[in-house]
Trainee: 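Quick one: structure below, then a few questions.
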Amino acid sequence: QVQLVESGGGLVQAGGSLRLSCAASGRTFRDYNMGWFRQAPGKEREFLARISRSGSVTYYVDSVKGRFTISRDNAKNTVYLQMNSLKPEDTAVYYCAAGFTATSYDYWGQGTQVTVSS
């Protein structure tokens with residue numbers, strides 16, 4: 001009942017920044033917790049960050065804490081991932097996801113490629 005489309009990926013040099021966007025369809029966006037994940041070639045999908053329905057509570061894994069910021073604008077049905085101080089190891093396909101719980105995600109975007117050059 002919700003469709004997600006990521007955008008904003010691209011090629012960036014180490015130390016640079018990108019802001020990813022995830023646009024959601026439907027009027028139920030505010031009912032969902034949102035998360036960002038990434039998957040590098042040959043690796044499992046990695047959870048990065050989540051944000052509560054209101055946007056008041058966020059959580060980050062240690063690998064991105066202090067560098068990445070998740071936010072949402074419910075009026076625009078959009079969740080963002082601001083990525084600063086990017087490292088080559090951040091290279092991956094980045095996905096946004098929506099779910100009713102913090103541990104299970106029901107809807108996924110198609111992903112956007114982020115490549116960080118050294």
Trainee: Find out whether Arg53 and Asn74 are in side-chain contact, i.e. whether some heavy atom of one side chain is under 4.5 Å from a heavy atom of the other.
Mentor: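 They are not in contact (no side-chain heavy atoms under 4.5 Å apart), so the answer is no.
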Trainee: State, with a plain yes or no, whether a side-chain heavy atom of Phe100 is found less than 4.5 Å away from one of Asn33.
Mentor: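 Not touching, per the 4.5 Å side-chain cut-off.
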Trainee: If you count every heavy atom of other residues, nucleotides or ligands that lies below 6.0 Å from Gln3 atom CD, does the total exceed 12?
Mentor: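 Open.
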Trainee: Trp108 and Tyr80: same hydrophobic cluster, using ILVMFWY side-chain contacts below 4.5 Å?
Mentor: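 No; tracing contacts between hydrophobic side chains, which count when under 4.5 Å, never links both residues.
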Trainee: Could you give the distance from NZ (Lys87) to OG (Ser118), rounded to the nearest 0.5 Å?
Mentor: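 Answer for the NZ-OG pair, Lys87 versus Ser118, is 14.0 Å.
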Trainee: Side chains of Tyr59 and Phe47: does their closest heavy-atom pair fall under 4.5 Å?
Mentor: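 With C-beta onward as the side chain, the pair touches.
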Trainee: Does the cation-pi check pass for Arg72 over Tyr32, that is, NZ or CZ under 6.0 Å from the six-membered ring centre and within 45° of its axis?
Mentor: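 The answer is no, since Arg72 fails at least one limit relative to Tyr32.
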Trainee: Is there side-chain contact between Val57 and Ile51, with heavy atoms separated by less than 4.5 Å?
Mentor: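 They are not in side-chain contact.
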Trainee: Could you state the interatomic distance from SG (Cys96) to CD1 (Ile70), rounded to the nearest 0.5 Å?
Mentor: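 CD1 of Ile70 is found 9.0 Å from SG of Cys96.
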Trainee: Is the backbone of Glu6 close enough, under 3.5 Å, to the side chain of Gln110 for a donor and an acceptor to pair up by distance?
Mentor: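 Judged by distance alone, no pair lies under 3.5 Å.
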Trainee: Step through it carefully: locate the ring centre of Phe68, locate the ring centre of Trp36, and say whether they are under 6.0 Å apart.
Mentor: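 No; Trp36 has its ring centre 6.0 Å or more from that of Phe68.
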Trainee: Could you tell me whether the side chain of Thr28 and the main chain of Asp31 form a donor-acceptor pair under 3.5 Å?
Mentor: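 No; zero donor-acceptor contacts below 3.5 Å.
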Trainee: On a heavy-atom basis, which atom in Leu4 and which in Cys22 lie closest, and how many Å separate them?
Mentor: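 Taking every non-hydrogen atom into account, CB-SG, 3.8 Å.
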Trainee: Do you know which two heavy atoms are closest between Ser21 and Thr78, and how far apart they sit?
Mentor: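 Result for this residue pair: CB-CG2, 4.3 Å.
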Trainee: Write down the atom of Thr91, the atom of Val116, and the distance for their closest heavy-atom approach.
Mentor: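 Distance-wise, the nearest heavy atoms are OG1-N, 2.9 Å.
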Trainee: Is there a side-chain contact between Tyr105 and Met34 in this structure, where contact means two heavy atoms from C-beta onward sitting under 4.5 Å apart?
Mentor: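 Tyr105 does not reach Met34 side chain to side chain.
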Trainee: Going by atom types alone, do Arg38 and Tyr94 pair a side-chain donor with an acceptor below 3.5 Å?
Mentor: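 Short answer, yes.
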Trainee: I'd like to know whether Thr112 forms a side chain to side chain contact (heavy atoms under 4.5 Å, CB included) with Leu20, so could you lay out the CA-CA distance, the side-chain angles of the two residues, the decisive distance to 0.1 Å, and finally the verdict.
Mentor: CA-CA 8 Å; Thr112 185; Leu20 306 183; 4.0 Å; yes
Trainee: If you take all heavy atoms of Phe37 and Arg45, which pair is closest and at what distance?
Mentor: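 Closest heavy-atom pair between Phe37 and Arg45: CB-CG, 3.9 Å.
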Trainee: Can you see which heavy atom on Gly109 is nearest to which on Tyr95, and at what distance?
Mentor: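 Looks like O-CD2, 3.5 Å.
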Trainee: Are the side chains of Arg50 and Thr58 in contact, using a 4.5 Å heavy-atom criterion?
Mentor: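 No, side chains not in contact.
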Trainee: Looking only at the side chains, is there a donor atom on one of Ser17 and Asn84 sitting less than 3.5 Å from an acceptor on the other?
Mentor: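 Distance-only check passes for Ser17 and Asn84.
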Trainee: Would you name the heavy atoms of Leu86 and Arg67 that are closest together and state the gap between them?
Mentor: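 Looking at all heavy atoms of both residues, the closest pair is CA-NH1, 3.9 Å.
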Trainee: Please test Lys65 against Asp62 for salt bridge (charged side-chain N to carboxylate O under 4.0 Å, His left out), starting from the C-alpha separation and ending with a verdict.
Mentor: CA-CA 5 Å; Lys65 190 178 299 181; Asp62 289 342; 3.3 Å; yes
Trainee: The test is side chain to side chain contact (heavy atoms under 4.5 Å, CB included); show your working for Ser63 and Glu46 and say whether it passes.
Mentor: CA-CA 10 Å; Ser63 61; Glu46 177 188 15; 3.5 Å; yes
Trainee: Only one of Val114, Thr69, Val12 clears side-chain contact (heavy atoms from CB on, under 4.5 Å) with Met83; which?
Mentor: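 Considering Val114, Thr69, Val12, a side-chain contact (heavy atoms from CB on, under 4.5 Å) with Met83 is found only for Val114.
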Trainee: If hydrophobic clusters are built from ILVMFWY residues whose side chains come within less than 4.5 Å, do Val61 and Leu18 share one?
Mentor: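 In one cluster with Val61: Leu18, yes.
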